[in-house]
S.K.: 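Below is a structure I'd like to ask you about.
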Amino acid sequence: MLAYVIRRLAYGALVVLGVLLFLFVLFFTVATPDDIARRALGDKATPEMIDTWKANHGYDRPLWPWQDPSDNLLVSHYTSLLGFDFGRSDVDDAPIGQRIREGMGPSLALTVPMFVIGLGLGLLLSLFVAFFRETYIDRAGVFLCVLGMSVSILLYIIGAQVLIAQLLRWYPISGFDPDPDVVARFLILPIVVGVVSSVGSDVRFYRTVFVEESSRDYVRTARAKGAGELRVMAQHVLRNGMIPILTRVVLAIPFLFTGSLLLESFFGIPGLGSITVDAIRGNDFATLRVMVYIGALLFVLGQVLTDVSYSLADPRVRLE
Amino acid sequence: MTRVLTVEGLTTSFPDGKDRLRVVDGVDLHLDTGETLALVGESGCGKSMTALSIMRLVPRPGRADARVARFESADGTKELLDLPVPAMRRVRGAGISMIFQEPMTSLNPVARVGRQVVEAIRLHEKVSAAGARDRTLELFRLAGIPDPAARFEAYPHQLSGGLKQRVMIAMALCTRPQVLIADEPTTALDVTIQAQILELLRDLQRELGTAILLITHDLGVVNELADRVAVMYGGRIVEQGGREDVLARPTHPYTEGLLRSMPARSQPGEPLPEIAGVVPPPHTWPPGCRFASRCPRVLDPCAGAPPDWVTVRPGHTVACLAVAQDRVAS
C-alpha cells in the first residue's frame with residue numbers, strides 16, 4: 001500500500017506541475033505583466049509608473065528561460081511556489097504566506113464544524129428516510145431534500161441574515177472575533193446556513209445508496225437470521241453504504257482548509273475564502289496564483305486519501 | 001414424527017393499481033420433523049415467494065396472508081403471520097432458518113464470515129464472544145469447511161462459491177432450527193459442488209433432525225433429497241405426494257409434461273419434448289386452473305373455477321378436473 005501511495009503522490013506531483021504551467025500561461029502570457037500593472041494602477045497610469053510597478057514586483061524580467069536562463073519569470077514562478085515562498089500581494093504588498101496562515105484558522109473554525117455536523121446530520125436523516133423507504137415519510141423526506149437543494153445558497157444567506165440577525169437579533173449579521181468566548185456567536189449563523197444548504201443533496205445521495213444497499217441479498221440474509229431492522233441498518237447497510245459515500249466525503253476533507261467563498265465573504269469571516277474573493281475582485285494575481293496552486297495540491301491529496309480510505313472500508317479493495 | 005410446520009391458504013399479493021396481484025394463491029403444505037419436502041416449479045411460479053412468506057420476508061409492498069401458518073417451536077405453537085415483530089425475529093434464524101440461491105451475494109461483503117456466523121449465534125443465545133467463536137469453528141468443521149480457524153477470518157470474496165454456501169449452511173444451522181428453508185441451494189454451484197452440498201444437507205438433517213423445505217426447479221435435486229414433492233404452477237400447488245409417486249407416476253398434466261421434458265428421460269437423437277406455450281404472467285391468470293391455456297387435456301370448465309383436490313392414492317393428491325373425470329369414469 002505504501003508503494004501505491006508513493007506512486008499516486010508522484011502522479012499527483014505531475015498534475016501539480018501541469019497546473020502550474022497552465023497557471024503561468026494564463027497569468028503571464030494571456031494576461032501580461034503590463035495588463036496586471038495597468039489593472040493595479042488604474043487607467044491614468046503613465047508608462048513610467050507601470051515600469052516602476054513592474055520592477056518593484058519583479059514582473060520586469062523576461063518570461064522564458066531561453067530569453068535569460070539565469071533570471072526569468074517561468075523558473076521563478078516554479079521555484080517560489082514549489083518552495084512555498086509565496087511573495088507579496090500585487091495589491092497591497094502584504095506577504096501572502098502570512099495572510100494564508102492567518103486565514104486558515106477562521107476558515108477551519110467555519111468549515112470543520114460545518115463538515116462534521118453536515119455529515120452526521122446527513123447520515124442520520126438519510127438512514128431515517130431509507131428506513132422508511134417507500135412510505136410517505138420517505139417521499140416527504142425526498143421532497144424536502146429536492147426543495148432544499150433547489151434553493152440557491154444566496155437565498156439562505158440573505159434570508160438568515162434578515163430573519164435571524166436583523167429581525168430577531170439573535171446573532172450578529174456578520175463579522176468575526178477570534179476570542180474563544182465570543183467566536184461562536186459569529187460562526188453559528190454561517191454554519192447553520194452551510195449545513196442547511198448542503199444537507200438536501202447529501203441526504204438524497206446517501207438515501208439512494210442506503211436504499212440500494214437495503215435491497216441486497218446479504219441484507220435479506222441478516223433479516224433471515226433474526227437481526228432487527230435497526231441492527232440491519234447500523235451493522236450491515238451503513239457499513240456497506242459507506243464505500244460509495246466515502247468517495248464524496250473524503251475528497252471534501254482537504255478543501256476544509258480553503259474555506260467557503262460565499263459564506264466567508266457574506267458573513268465577513270477573514271478566512272481563505274474571503275482572501276480568494278478579495279483577490280478576484282482586486283485583480284490580485286499573485287494571491288490568486290497561490291490559491292489555485294494550493295487548491296491543486298489539496299485536490300491531489302484528497303484523491304490519495306480517498307483511495308486509502310477505500311482500502312480501509314472495503315476488504316475487497318487492495319492498493320497495489 | 002411430529003408436524004412442525006402447517007400452512008393453509010397462503011396468499012402473497014402485491015398492489016397492482018386498485019387490485020392486488022396474487023403471486024401465491026392459496027398454498028397448503030405441511031412439514032414433519034426430519035423430512036424433506038421439495039417445492040418444485042418453474043421460475044415465477046411463486047415457490048420462492050412461498051418461502052419468503054413463511055419467513056415474513058416478502059419485500060415491500062408485498063403482503064402474505066394465510067388461514068393457518070402454524071409453527072411448532074421448541075417453546076410452543078406459533079401462528080407465524082400473527083406474531084408480533086420481535087417474536088417473529090426470535091423465530092427467524094432460531095426455529096426456522098433459510099439459505100439462499102446466491103452464496104456469492106448472500107453474505108455481507110465487508111464482514112469476516114466468522115463474525116457473521118457469530119452474529120447469528122449471539123442474536124439468539126447469550127454466549128460470550130469466545131464461546132460463540134468456538135461454536136462457529138465447530139459448525140465450520142461440521143459443514144465440511146477445511147481449516148476452520150483460517151476461514152473464520154476470511155472475507156466472503158476470499159472463498160469459493162461452494163465454501164460460501166457451506167458458511168451459509170453453518171450459519172443457518174447454528175441454533176439447531178427445527179425447519180430449514182433452502183431456496184435453490186445448489187443452483188448457482190458447479191455440478192460436483194452441488195452433489196457435495198446436497199450430501200452435506202442430508203448428513204446434517206440426519207444428525208439434527210431438521211425438517212427441510214427444499215425449493216428447486218431441478219428434478220435431479222428432488223430425486224436426491226426429497227421425501228415428498230409439491231409441484232407448483234401459477235401460484236398454486238397442483239400436485240403433491242411422495243417422491244416415488246410424483247416422479248414415477250405423475251398425474252397432473254403439468255407434472256407429466258415437466259417430467260417428459262427432462263433430458264435424462266428422452267430418447268437419444270430425438271428433440272426434447274416441451275410443454276407448448278409459455279408460463280402466463282400473474283395478471284393474466286384465469287380464475288380456474290392456471291395451466292388450462294397450455295394443457296393437452298383441457299376441458300371446457302377448466303378455466304372457470306379452481307379444480308378440487310383428487311386423491312389418486314394415499315398421500316398423493318392432484319388438483320385437476322381431467323384427472324377427476326378419469327376417476328369418475330373408471
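Both backbone and side-chain heavy atoms feed into the values below; hydrogens, waters and symmetry mates do not. Just so it is clear: chains get the letters A, B, ... in the order the sequence lines come, proteins before strands, and each one is counted from 1.
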S.K.: If I take atom CE from residue B/Met55 and atom CZ from residue A/Arg220, how far apart are they, to the nearest 0.5 angstrom?
M.R.: 10.0 Å
S.K.: Do B/Gln116 and A/His236 have side-chain N/O donor and acceptor atoms under 3.5 Å apart?
M.R.: no
S.K.: In terms of heavy-atom contacts, does CZ of B/Arg56 have more than 12 from other residues, nucleotides or ligands at under 6.0 Å?
M.R.: yes
S.K.: Identify the residues of residues 97-105 of chain B whose heavy atoms come closer than 4.5 Å to a heavy atom of chain A, ordered by number, or report 'none'.
M.R.: B/Met98, B/Phe100, B/Glu102, B/Thr105
S.K.: Which bit of B/Leu57 is near chain A, if near means a heavy-atom gap under 4.5 Å: side chain, backbone, both or neither?
M.R.: side chain
S.K.: Which residues, numbered in order, of residues 154-181 of chain B come under 4.5 angstrom of chain A by heavy-atom distance?
M.R.: B/Tyr155, B/His157, B/Met168, B/Met171
S.K.: If you count the non-hydrogen atoms of other residues, nucleotides and ligands that lie under 6.0 Å from CZ in A/Phe22, is the total more than 12?
M.R.: no
S.K.: Quick one: what part of A/Arg231 sits under 4.5 Å from any heavy atom of chain B, side chain, backbone, both or neither?
M.R.: side chain
S.K.: Would you say the side-chain atoms of A/Thr221 pair up with the backbone N or O of B/Ser106, donor to acceptor, closer than 3.5 Å?
M.R.: yes
S.K.: Counting heavy-atom pairs closer than 4.5 Å to chain B, which one of A/Asn240, A/Asp314, A/Thr135, A/Val219 comes out on top?
M.R.: A/Asn240
S.K.: Give me the contact list for residues 86-93 of chain B versus chain A, heavy atoms only, anything under 4.5 Å, ordered by residue number.
M.R.: B/Arg89, B/Arg92, B/Gly93
S.K.: Could you check whether atom OH of A/Tyr293 has more than 12 heavy atoms from other residues, nucleotides or ligands sitting under 6.0 Å from it?
M.R.: yes
S.K.: Are there more than 12 heavy atoms of other residues, nucleotides or ligands under 6.0 Å from atom CZ of A/Arg204?
M.R.: no
S.K.: In terms of heavy-atom contacts, does CZ of B/Arg135 have more than 12 from other residues, nucleotides or ligands at under 6.0 Å?
M.R.: yes
S.K.: Do you know which of A/Gly228, A/Ala313, A/Pro315 has the most heavy-atom pairs under 4.5 Å to chain B?
M.R.: A/Pro315
S.K.: Using a 3.5 Å cut-off and no angle test, enumerate the donor-acceptor pairs between side-chain atoms of residues 136-143 of chain B and protein atoms at least two apart in sequence or in another chain.
M.R.:
residue, atom, partner, partner atom, Å
B/Thr136, OG1, B/Ala132, O, 2.7

S.K.: May I ask you to name which of A/Ala222, A/Gly226, A/Ser215 has the most heavy-atom pairs under 4.5 Å with chain B?
M.R.: A/Gly226
S.K.: Working to the nearest 0.5 angstrom, can you tell me the gap between A/Ser214 OG and B/Arg60 CZ?
M.R.: 9.0 Å
S.K.: Counting only non-hydrogen atoms closer than 4.5 Å, does B/Ala120 touch chain A with its backbone (N, CA, C, O), its side chain (CB onward), both, or neither?
M.R.: both
S.K.: Are side-chain heavy atoms of B/Asn108 and A/Arg239 found at a separation under 4.5 Å?
M.R.: no
